[in-house]
Chemist: 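A single structure is presented below for examination.
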4 protein chains.
Amino acid sequence: MSTRPLIVIVGVGNGSGTGGATARVFAKAGYRVALIARGADKLKKVADDVASTASGAEVATFPIESYSFKELTDVFNAIRSYSWPSGGRTEIRVALYNAGAGVRKSFLDVNEKDIQVVVDTNINGAFGFSHQIIEEFRKNDIDAKGKRGTLIFTGATASVRGNITTSIFSAGKHALRALSQSLNKEFGKENIHVAHSIIDGAILTDTQLSRQEDASEFANNPNIRLDPASIATGYLYLANQDRSAWTWELDLRPAHEKW
Amino acid sequence: MSTRPLIVIVGVGNGSGTGGATARVFAKAGYRVALIARGADKLKKVADDVASTASGAEVATFPIESYSFKELTDVFNAIRSYSWPSGGRTEIRVALYNAGAGVRKSFLDVNEKDIQVVVDTNINGAFGFSHQIIEEFRKNDIDAKGKRGTLIFTGATASVRGNITTSIFSAGKHALRALSQSLNKEFGKENIHVAHSIIDGAILTDTQLSRQEDASEFANNPNIRLDPASIATGYLYLANQDRSAWTWELDLRPAHEKW
Amino acid sequence: MSTRPLIVIVGVGNGSGTGGATARVFAKAGYRVALIARGADKLKKVADDVASTASGAEVATFPIESYSFKELTDVFNAIRSYSWPSGGRTEIRVALYNAGAGVRKSFLDVNEKDIQVVVDTNINGAFGFSHQIIEEFRKNDIDAKGKRGTLIFTGATASVRGNITTSIFSAGKHALRALSQSLNKEFGKENIHVAHSIIDGAILTDTQLSRQEDASEFANNPNIRLDPASIATGYLYLANQDRSAWTWELDLRPAHEKW
Amino acid sequence: MSTRPLIVIVGVGNGSGTGGATARVFAKAGYRVALIARGADKLKKVADDVASTASGAEVATFPIESYSFKELTDVFNAIRSYSWPSGGRTEIRVALYNAGAGVRKSFLDVNEKDIQVVVDTNINGAFGFSHQIIEEFRKNDIDAKGKRGTLIFTGATASVRGNITTSIFSAGKHALRALSQSLNKEFGKENIHVAHSIIDGAILTDTQLSRQEDASEFANNPNIRLDPASIATGYLYLANQDRSAWTWELDLRPAHEKW
């Protein structure tokens with residue numbers, strides 16, 4: 001029996017955004033998919049939807065309660081012991097840390113709970129998850145692309161710029177970016193590829209859509225917002241980069257974005 | 001009775017580094033000095049030393065147990081109610097957040113405790129402290145320089161670059177830098193000046209000195225390490241910048257530093 | 001007769017590097033290829049080689065004498081009037097500005113001629129070429145990807161960092177990067193995509209190979225140098241990005257690169 | 001007779017901006033002042049004005065025709081052979097390259113002449129000038145601050161960001177910044193300090209003033225534009241930094257600037 005590659009994705013919301021799109025793109029590319037997120041029921045629906053988009057797709061869900069270091073560590077016991085329907089060996093070859101906490105408010109309104117949510121999402125959970133992923137990648141042989149695995153973090157404009165309503169959001173995103181760069185430098189020499197995206201614009205998700213004054217324009221005009229599937233295509237490109245020329249940081253924005 | 005300006009400094013170690021030097025420079029410039037740090041006894045010694053360097057200097061200590069949001073908030077009750085020996089009114093006009101947590105280790109050795117220490121120092125404590133300082137500055141009138149106050153954060157090379165042993169250290173320092181930029185943008189329009197330094201090299205502190213192979217060279221060759229007094233002079237320059245031309249970010253490094 | 005897309009590439013050396021690899025990758029993807037470089041004979045050989053790598057490939061050469069604004073402008077008369085063997089309509093849909101001038105020397109040894117070469121390659125020629133390309137793209141309809149065209153500039157480590165032997169080289173590369181960002185912002189709203197790569201490492205070209213102490217190691221170890229074909233694959237990805245999520249800047253480096 | 005320090009300043013316009021203010025600040029600090037600019041008559045007026053602001057001030061003018069490498073080189077013959085009225089020895093200890101060429105237009109309107117002006121100002125002239133200054137600094141002994149000299153370049157927002165009307169302006173400013181960083185790294189080890197400012201906002205000069213809709217507001221509200229004297233104070237701080245902690249890049253902007 002051959003070995004099938006597995007992608008582990010953290011943070012999928014209701015499946016309409018980057019996490020869900022990445023699951024679908026990699027499922028179509030032949031990856032098994034493990035989804036980690038809060039809310040078991042919602043997560044199950046996302047998994048069903050992803051499974052339906054590719055014949056032979058295998059999608060498993062691993063719900064968590066919060067983005068703590070411990071939970072993002074312990075969840076790997078379940079992932080490792082999971083029995084994939086079609087059997088055979090599985091290797092984690094790609095991981096996406098896509099958890100987000102979009103706290104935007106005046107600095108003086110930021111409270112301890114806001115801070116905790118952002119720290120959990122961008123630091124505690126990210127460190128726990130990365131630790132497990134790096135350990136898993138180290139078990140892999142170097143593949144045809146010259147890699148043991150690819151770990152991608154989803155960033156934002158706030159990853160590189162603090163602004164008037166993003167004191168805690170940008171603090172978290174900056175921290176996540178620093179983690180990704182540190183990992184890239186420390187584990188590149190072990191042929192582990194760590195990358196970071198800068199999503200510089202609004203993504204066409206159900207949540208974003210519901211916030212727009214002109215929802216139809218937002219839905220139908222790809223000049224002004226990012227299509228999750230296009231981001232996912234970028235992530236597939238990153239995963240497929242070979243060892244001789246790989247990317248740490250990929251910025252993505254819509255054609256008409258003012259920046 | 002006239003109003004005397006007060007500088008509040010967080011993080012002074014044994015007084016041989018940036019926090020202590022800043023205290024001395026501002027004491028000489030006529031500021032009252034409030035020192036916040038862990039370790040009441042050590043802190044008292046630093047205060048005595050600072051007081052001895054400038055005639056008429058008034059230095060008060062405000063020990064804390066940890067860099068939590070709550071502690072960095074509550075300590076301001078003590079600062080506000082403190083009775084300065086020479087009496088008269090006091091306004092906090094300058095603040096320095098100089099707390100550090102120099103965790104340097106391989107990513108796989110970073111544990112939850114390391115993360116907590118860094119998050120407390122660079123995020124929880126920094127947010128609590130900044131909140132209080134901004135609130136205090138808002139009470140001030142605009143002074144002759146056109147400002148209500150100056151808040152400075154001490155950064156490091158790791159503030160702008162993740163590296164092989166700095167996954168958590170750079171995450172914390174990046175977060176602190178993002179906070180400083182967000183505050184600069186949000187409160188500049190209220191004439192509150194927020195700045196950030198990038199200390200890009202080793203500082204001549206007792207701790208650094210004790211780690212050097214050639215301590216004499218390190219102590220006596222100012223080409224290869226930063227003098228805390230020179231950093232403090234930079235901070236005084238920042239505090240004295242007027243509203244028409246102020247700095248967010250100041251990098252400082254020794255002449256012979258390779259960068 | 002259908003319209004065939006054309007890629008125009010400036011700077012191909014002897015064909016062993018990024019320019020040649022990009023020509024081959026896009027020829028295989030169905031693009032006609034126009035090559036601009038100095039040295040008509042060398043250029044002809046590169047074109048023959050590219051043509052041989054894809055059945056039906058059409059490759060034309062447009063030699064120039066220097067990278068002046070005027071020459072990079074005038075060469076488009078020849079490109080526009082060129083009769084492609086298989087006939088039909090042609091639209092310039094992708095352009096790569098890959099000209100380089102790797103002047104590395106101590107600042108005090110940089111002379112006026114060095115400056116002129118770098119300025120021609122990175123500014124004069126780049127501005128003339130970009131002007132023509134933007135004008136050509138503006139004539140195109142928006143395609144299935146939502147774009148009128150993609151213009152890519154090849155950058156280097158020196159694009160983002162001056163260093164001890166790169167005073168003029170980094171000046172030129174920084175200027176080219178600024179041009180690419182300005183164009184991205186000005187013409188994005190016309191659905192013209194402008195991107196910039198940062199090639200952060202040595203590329204496996206004949207020239208680089210000849211400089212290595214251990215040529216065999218350099219040739220055979222993809223962990224330590226960039227494969228031009230991998231860079232070209234990245235450029236194809238950029239050209240294929242749709243309007244909803246495109247990239248300005250893509251860094252590429254080998255897995256074991258220290259950075 | 002003692003040795004007097006000399007500051008050489010390139011680019012002073014009519015004296016109402018950064019160059020003129022720097023001349024005045026350093027004249028007051030005891031420096032002899034050499035002014036290099038185009039327009040002998042205008043330059044003479046600036047010199048007279050500077051001389052009148054400090055008793056004992058000695059200001060000499062060195063007019064040039066253009067910012068070519070050769071002119072910025074040859075002018076040093078005149079500077080070296082100049083007889084300062086009060087006699088004694090002179091050492092160039094500070095230099096400011098403040099020449100500017102504010103070309104702002106749509107990319108498609110940028111012509112070869114625009115390019116040449118920007119390249120001369122930011123590259124050709126800057127390289128010629130820097131070459132001479134570095135050679136002069138190398139002749140100096142290390143002074144009490146541990147330096148042989150300080151060379152400052154005036155940058156702008158466009159130094160770090162291309163934008164829709166700044167294709168050639170930002171190309172030039174990026175190049176100048178790269179030069180400054182390269183020089184800092186190459187000559188720091190010889191105790192030569194090279195710095196770069198980022199002036200991120202409008203400066204209160206006669207030219208800027210004449211362009212404002214509300215000139216009175218611009219003149220009288222220091223929250224919204226930079227005072228040249230405040231920039232000059234920053235340059236004096238840079239010149240006075242000692243070798244243990246010096247700055248490469250200093251950003252300066254008004255309190256209410258949106259950035």
Chemist: Extract the chain D to chain B donor-acceptor pairs under 3.5 Å, no hydrogen or angle test applied.
Modeler:
from     : atom 1 : to       : atom 2 : distance (Å)
D:Asn184 : OD1    : B:Trp259 : NE1    : 3.2
D:Lys185 : NZ     : B:Trp259 : O      : 3.3
D:Lys189 : O      : B:His256 : NE2    : 3.2
D:Asn191 : OD1    : B:His256 : NE2    : 2.7
D:Asn191 : ND2    : B:Asn223 : OD1    : 2.8
D:Asn223 : OD1    : B:Asn191 : ND2    : 2.8
D:Asn223 : OD1    : B:Arg243 : NH1    : 3.3
D:Asp227 : N      : B:Ser244 : OG     : 3.0
D:Ser230 : OG     : B:Asp242 : OD1    : 3.4
D:Ser230 : OG     : B:Asp242 : OD2    : 2.4
D:Ser230 : OG     : B:Ser244 : OG     : 3.3
D:Asp242 : OD1    : B:Ser230 : OG     : 3.4
D:Asp242 : OD2    : B:Ser230 : OG     : 2.4
D:Arg243 : O      : B:Ala255 : N      : 2.8
D:Arg243 : NH1    : B:Asn223 : OD1    : 3.3
D:Ser244 : OG     : B:Asp227 : N      : 3.0
D:Ser244 : OG     : B:Ser230 : OG     : 3.3
D:Trp246 : N      : B:Arg253 : O      : 2.9
D:Trp246 : O      : B:Arg253 : N      : 2.9
D:Thr247 : OG1    : B:Asp251 : O      : 2.7
D:Trp248 : N      : B:Asp251 : OD2    : 3.0
D:Glu249 : N      : B:Asp251 : OD1    : 2.9
D:Asp251 : O      : B:Thr247 : OG1    : 2.7
D:Asp251 : OD1    : B:Glu249 : N      : 2.9
D:Asp251 : OD2    : B:Trp248 : N      : 3.0
D:Arg253 : N      : B:Trp246 : O      : 2.9
D:Arg253 : O      : B:Trp246 : N      : 2.9
D:Ala255 : N      : B:Arg243 : O      : 2.8
D:His256 : NE2    : B:Lys189 : O      : 3.2
D:His256 : NE2    : B:Asn191 : OD1    : 2.8
D:Trp259 : O      : B:Lys185 : NZ     : 3.3
D:Trp259 : NE1    : B:Asn184 : OD1    : 3.2

Chemist: Pick from B:Gly146, B:Gly201, B:Gly234, B:Ala229: which one has the most heavy-atom pairs with chain D under 4.5 Å?
Modeler: B:Gly234

Chemist: Side chains of B:Pro228 and B:Ile203: closer than 4.5 Å at any heavy-atom pair?
Modeler: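 Heavy-atom side-chain distance check passes, below 4.5 Å.
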
Chemist: Please report the shortest heavy-atom distance between D:Ala95 and D:Phe129, naming the atom on each side.
Modeler: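 Closest heavy-atom pair between D:Ala95 and D:Phe129: CB-CZ, 3.8 Å.
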
Chemist: With sequence neighbours excluded, tell me which residues meet ring-ring contact (aromatic ring centres under 6.0 Å, His included) with D:Phe127.
Modeler: C:Phe107

Chemist: Kindly write out the residues that satisfy side chain to side chain contact (heavy atoms under 4.5 Å, CB included) with B:Val46, not counting sequence neighbours, or none if the list is empty.
Modeler: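 Result, side chain to side chain contact (heavy atoms under 4.5 Å, CB included) vs B:Val46: B:Val12, B:Leu35, B:Val50.
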
Chemist: Using every non-hydrogen atom in the two residues, find where B:Ala219 and B:Leu204 come nearest and quote the distance to one decimal.
Modeler: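 Nearest heavy atoms, B:Ala219 then B:Leu204: O-CD2, 3.8 Å.
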
Chemist: Filter on ring-ring contact (aromatic ring centres under 6.0 Å, His included), then keep only pairs touching residues 202-232 of chain B, sequence neighbours left out; what's left?
Modeler: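 Those involving residues 202-232 of chain B do not exist here.
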
